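The structure presented is a predicted model; accordingly, all values stated were derived computationally and were not measured. By convention in this document, chain letters (A, B, ...) are assigned in the order of the sequence lines, proteins followed by strands, and residues within each chain are numbered from 1. Only this structure's heavy atoms are used, side chains among them; waters, hydrogens and symmetry mates stay out.
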2 protein chains.
Amino acid sequence: MVKPSGKTKRDAKTGILDAADEIFVRRGIDGARMQEIADHAGVNKALLHYYFRSKADLARAVWLRIASSFVPGIFQMMASDLPLDDKIDRFVEAYHAKLMRHPYLLAYVVNEAARHPEIVGDFLSAERRRAARRMIRKLRAQIADRTKAKRVAPLSAEQFLVTLAASCLFPFAARPMIASLLGLGPKAVDAFMEQRRKDLPAFLKRAIR
Amino acid sequence: MVKPSGKTKRDAKTGILDAADEIFVRRGIDGARMQEIADHAGVNKALLHYYFRSKADLARAVWLRIASSFVPGIFQMMASDLPLDDKIDRFVEAYHAKLMRHPYLLAYVVNEAARHPEIVGDFLSAERRRAARRMIRKLRAQIADRTKAKRVAPLSAEQFLVTLAASCLFPFAARPMIASLLGLGPKAVDAFMEQRRKDLPAFLKRAIR
DNA sequence: GTCTATACTCTGATAGAC
DNA sequence: GTCTATCAGAGTATAGAC
């Protein structure tokens, strides 16, 4: 408002973040080149170091933005009073929608989390840790209700959550391997994923029925 | 036999492969340094280029050795006449045992498969593709038998296989995230995984019951 | 805030002696 | 086959003009 350069500044910074996002996700942090990011953003390489001191800082900023964009929403939904079956539907739907559009995202996240564990911690603020605990507690109650009513073997809420996430996410991370293994071309893999989006919720509900 | 250097040669080459395996898996291909691999193998950097022309070639050799060491065995077991439930037990058991000892392996495989899809193709020879098809065909028959007998909704063998793999493998790839999310230390995560090894087969069997 | 030019470091790769 | 020495290129990062 006061500074006329305010808008421009944010645009340049955001532009760099957008470009870095794409290049990091495509090549990994180690494989990415600052020059390529700069080119992709249409700015000079020096500007990257002006806004973000180093490559590591830039990578951290990109990571934080990615994680912040959809993890908190999922936490909240999973901690809500929604019936368990609806949560499964929404979880599957949300991640399929997200990852269909960003196929390399998950391989990136998985890899960098393994390689640079500290940035995972950076993302999980105290507030988010509390949100995670709320989610687990709520899920535990819902699963307990169900197993009590139907006399099924007890199931840990944590294990269920991990299995749910695994079933949705892993196929996107393993997409190239699935394609090779099943002998599918790019379009056939898309169809396979689309089918999965439809079938998976029923499969998971059956397991906790 | 004829050459007295035969044994030494193989040892040096194997030593380099062992070292490269460890460093690549720990740092990723892009993050790994030829110097570090050479140091770890106790040989000179130049020797790496003598046996493997370039870093890319070395990475390919490492990948082929890793994949060859346990994928074909799994294919064969899954294509056998073993009952479906036993296959689930063995699959879960085999991968948990393997990955407990090589925690970074999966993040590496997933990442490099996404980044360098061509090396996945290198691994899947025509013979292995046939083995994969045999496995799928057998699983499809077994699942069909079961759903016919118990009147359950039909389930694609491919989808089931992916879900099975996802449930077993993803937790290892996502280990750092799971730890952060659930607030577990290294020992607690190990316990979580151990619990998972026990509970997962029952969960999966219930879904196709 | 944004650019040009450049310093400095590191890495993969090769040449050549033994 | 294995080593020492070295190079060319690429990379991150900074200095300084505008």
Side-chain angles (χ1 to χ4, degrees), chain A residues 1-63 108 111-112 115-116 118-119, chain B residues 1-63 108 111-112 115-116 118-119:
Chain A
M1 323 228 176
V2 178
K3 294 178 189 171
S5 60
K7 185 169 178 292
T8 307
K9 179 188 169 187
R10 219 190 118 200
D11 282 358
K13 198 172 177 179
T14 307
I16 291 171
L17 272 177
D18 290 339
D21 189 317
E22 198 174 323
I23 304 296
F24 277 141
V25 168
R26 194 156 59 203
R27 306 218 190 272
I29 293 176
D30 292 325
R33 300 296 150 217
M34 297 295 267
Q35 183 62 59
E36 189 178 6
I37 295 172
D39 291 348
H40 205 265
V43 301
N44 192 278
K45 207 173 42 165
L47 211 58
L48 272 56
H49 288 91
Y50 173 76
Y51 284 113
F52 310 89
R53 223 167 56 83
S54 66
K55 188 185 181 182
D57 281 358
L58 178 55
R60 198 171 301 123
V62 167
W63 165 272
Y108 167 75
N111 190 57
E112 304 305 339
R115 212 84 69 207
H116 314 283
E118 66 282 2
I119 64 176
Chain B
M1 322 225 178
V2 179
K3 293 178 189 172
S5 60
K7 186 169 178 292
T8 308
K9 179 188 169 188
R10 220 191 116 201
D11 281 358
K13 198 172 178 179
T14 307
I16 291 171
L17 272 177
D18 289 340
D21 189 317
E22 198 174 323
I23 303 298
F24 277 141
V25 167
R26 192 154 62 204
R27 307 220 188 271
I29 293 177
D30 291 326
R33 300 297 150 219
M34 296 295 267
Q35 183 62 60
E36 189 178 6
I37 294 172
D39 291 347
H40 205 264
V43 301
N44 192 276
K45 201 172 52 162
L47 210 59
L48 271 57
H49 289 91
Y50 173 77
Y51 283 112
F52 310 89
R53 225 164 56 82
S54 66
K55 188 184 181 182
D57 281 358
L58 178 55
R60 197 171 300 124
V62 167
W63 165 272
Y108 167 75
N111 190 57
E112 303 306 339
R115 213 83 71 206
H116 314 283
E118 67 283 0
I119 65 176

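- Taken residue by residue, residues 24-32 of chain A places heavy atoms nearer than 4.0 Å to DNA chain D at A:Ala32.
- The interatomic distance linking B:Ile23 (CD1) with C:dG12 (P) rounds to 12 Å, in whole Å.
- Residue B:Met34 contributes atom CE, which lies 8 Å from atom C1' of C:dA13 at whole-angstrom precision.
- The side-chain heavy atoms of A:His116 and A:Arg60, taken from C-beta on, include no pair separated by under 4.5 Å.
- Distance B:Asn44 CG to C:dA17 P: 17 Å, rounded to the nearest Å.
- Where A:Arg33 and A:Ala46 meet DNA chain D, the nucleotide closest to each residue was compared, and A:Arg33 sits on the side nearer the 5' end.
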*Begin with the C-alpha distance, continue with both residues' side-chain angles, and end with the deciding distance and a verdict on side-chain contact (heavy atoms from CB on, under 4.5 Å) for A:Ile29 and A:Asn111.*
CA-CA 10 Å; A:Ile29 293 176; A:Asn111 190 57; over 6 Å; no
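- For the pair B:Tyr51 and D:dT2, the criterion of a side-chain N or O lying under 4.0 Å from OP1 or OP2 is met.
- A distance-only check finds a donor-acceptor pair linking the side chain of A:Arg115 to the backbone of B:Arg26 [under 3.5 Å].
- Atoms NZ (A:Lys45) and C1' (D:dA15) sit 14 Å apart, rounded to a whole Å.
- Between the side chain of B:Glu36 and the backbone N or O of B:Ile23 there is no donor-acceptor pair closer than 3.5 Å.
- Rounding to whole angstrom units, OH of residue A:Tyr50 and C1' of C:dT4 are separated by 17 Å.
- Taking atom NE2 of residue A:His49 and atom P of nucleotide D:dG16, one finds them 17 Å apart after rounding to whole Å.
- Within the 3.5 Å criterion, the main-chain N or O of A:Phe52 finds no donor-acceptor partner in the side chain of A:Lys13.
- Within the 4.0 Å cut-off from OP1 or OP2 of C:dA13, not a single side-chain nitrogen or oxygen of B:Arg53 is found.
- Note: NZ (A:Lys55) to C1' (D:dA13) measures 12 Å, nearest angstrom.
- The two residues A:Ile37 and A:Phe24 come nearest to each other via the heavy atoms CD1-CZ, 4.0 Å.
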*Could you give me the CA-CA distance, side-chain angles and deciding distance for A:Val62 and A:Val25, then say whether side-chain contact (heavy atoms from CB on, under 4.5 Å) is met?*
CA-CA 10 Å; A:Val62 167; A:Val25 168; 5.7 Å; no
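- Rounded to whole Å, the distance from CD on B:Glu36 to C1' on C:dG12 is 15 Å.
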